[in-house]
Amino acid sequence: LDATKQVLGMDRINVLVLTRDKKELRLITSVGSQEGEGVPGEVTLPLEPSIGSFYKACTELEPIFFDGSGPLPDDLRMEKPYSDIIFFRSRAFVILPLVIHGHCVGVVGADNYFSRRPISSRIMEVMEIFTNILSLTIEHDTLFTELKQTVDKLEITDPVTGLYNSSHFSTRLNEIVDGYDPEGQPVTLTLFHIPNFKEFNDEMGGQAGDEALRRIAESLSDRLGRDAALSRLYGATFAILFPGKKAEDILGTVNEVADRVRGLGPDGVRHLQAGGFQVRFQVREYTPDLAEDGGDFLLKVESELTSP
């Protein structure tokens, strides 16, 4: 940005980007400001007509050029309190939108507030090249961020249900158990198991089985998602971690969810010998004498779940 400022011969260059909700422009970088300008620590402008030329450039996707001759048009004028920000005051300026796939993602503004030098049409040409390059850079960074977020999510979620996978759940459980304080918040673990799921899956096929697992996961999430961490451990076995909850406090909710799962009735469940999905669950509140760590705690509750 500093090199671009020198090439252009401009006093200041500011780059503002739209926030995720597309309601504000946030200053992300600036060069050329001088001490005493009164620049606040963080600058945000609402995307509305009151910010004048910034709003016009972003919403109309057109560059704004004002050479300082004559009065400033009303639609380019900032209103109070934004006009009081010395940082954005100038009699001659250019503002160009940052555009990606036909949508504004921000604006670049440049001016000669200190030197009062005139702004030539050549400046506009170079600025347009600069903003095109900057738009491509922002698009690349955005795509990279989205890709990283997707990869990070895939690493911790089960591909069938979208719940946490067993690896991430084990890590989370270990962290909570390691930080357990007998005088602090309780920790309760519940394991859900569908004993006759394999029968259903074998008869109806893997596609129907995956759909049934998704419906089971949705039932768990709908009722427990706000208060608990949910995971599909393997097969049709699910784990639910309730930080801050005693076993007695969540037993009624767990029974309610079990009834929901029994009543799902996915296609083909009528073929099950038992007439529907069976549900077994085990609820255990953690105590230090029960297990040394999260792994031992999980194994303990799993053993109780599968014991006759």
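Just so you know, these numbers come straight off a predicted model, no measurement behind them.
D67 meets the salt bridge (Lys or Arg N to Asp or Glu O under 4.0 Å) test with no other residue; sequence neighbours excluded. Applying the side chain to side chain donor-acceptor pair (under 3.5 Å) criterion to T161, with sequence neighbours excluded, gives D158. Checked against side-chain contact (heavy atoms from CB on, under 4.5 Å), K246 has the following partners two or more places apart in sequence or in another chain: P186, E248, D249, E285. For T157, the side-chain contact (heavy atoms from CB on, under 4.5 Å) partners at least two apart in sequence or on another chain are K153. Residues that satisfy the side-chain contact (heavy atoms from CB on, under 4.5 Å) test with N112, not counting sequence neighbours, are M10, D11, S115, R117, I119. In this structure E211 satisfies the salt bridge (Lys or Arg N to Asp or Glu O under 4.0 Å) test together with R214, sequence neighbours excluded. Remark: D181 pairs with no residue by the salt bridge (Lys or Arg N to Asp or Glu O under 4.0 Å) rule, at least two apart or across chains. Under the rule for a side-chain contact (heavy atoms from CB on, under 4.5 Å), the partners of R77 that lie at least two apart in sequence or sit in another chain are L72, D74.
Between F93 and F66, the ring planes are tilted. Angles from 30° to 60° get that label.
Taken together through direct or relayed side-chain contacts under 4.5 Å among Ile, Leu, Val, Met, Phe, Trp and Tyr, V261 and L163 form part of one hydrophobic cluster. Side-chain heavy atoms closer than 4.5 Å link hydrophobic residues (I, L, V, M, F, W, Y) into clusters, and following such links, possibly through other members, connects F277 to M204.
Among K300, R284, Q282, the one residue that satisfies the side-chain contact (heavy atoms from CB on, under 4.5 Å) test with L305 is Q282.
What you find for G209 and N201 is that their closest heavy atoms are CA-OD1, 3.2 Å. Between D259 and R262, the shortest heavy-atom distance links the atoms OD1-NH1, 2.8 Å. Residues N196 and Q278 share a closest heavy-atom pair of OD1-N, 3.0 Å.
Comment: K198 engages D202 in a salt bridge, judged by a side-chain N to carboxylate O separation of less than 4.0 angstrom.
Applying the disulfide bond (SG atoms under 2.5 Å apart) rule to pairs touching residues 70-99 yields nothing, sequence neighbours excluded. Judged as a disulfide bond (SG atoms under 2.5 Å apart), not a single pair has a partner in residues 72-101 (not counting sequence neighbours).
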Between side-chain atoms of residues 188-195 and protein atoms elsewhere (two or more places apart, or another chain), which donor-acceptor pairs fall under 3.5 Å?
residue, atom, partner, partner atom, Å
T188, OG1, K245, O, 2.5
T188, OG1, A247, N, 3.2
H193, ND1, T237, OG1, 2.8

Atom pairs and distances, side-chain donor-acceptor, residues 100-111, under 3.5 Å, sequence neighbours left out:
residue, atom, partner, partner atom, Å
H101, NE2, E139, OE2, 2.6
D111, OD1, R12, NE, 3.1
D111, OD1, Y113, N, 3.0
D111, OD2, R12, NE, 3.3
D111, OD2, R12, NH2, 3.1

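No donor-acceptor contact under 3.5 angstrom links the side chains of S167 and N165, judged on distance only.
Y164 OH: 12 or fewer foreign heavy atoms inside a 6.0 Å radius.
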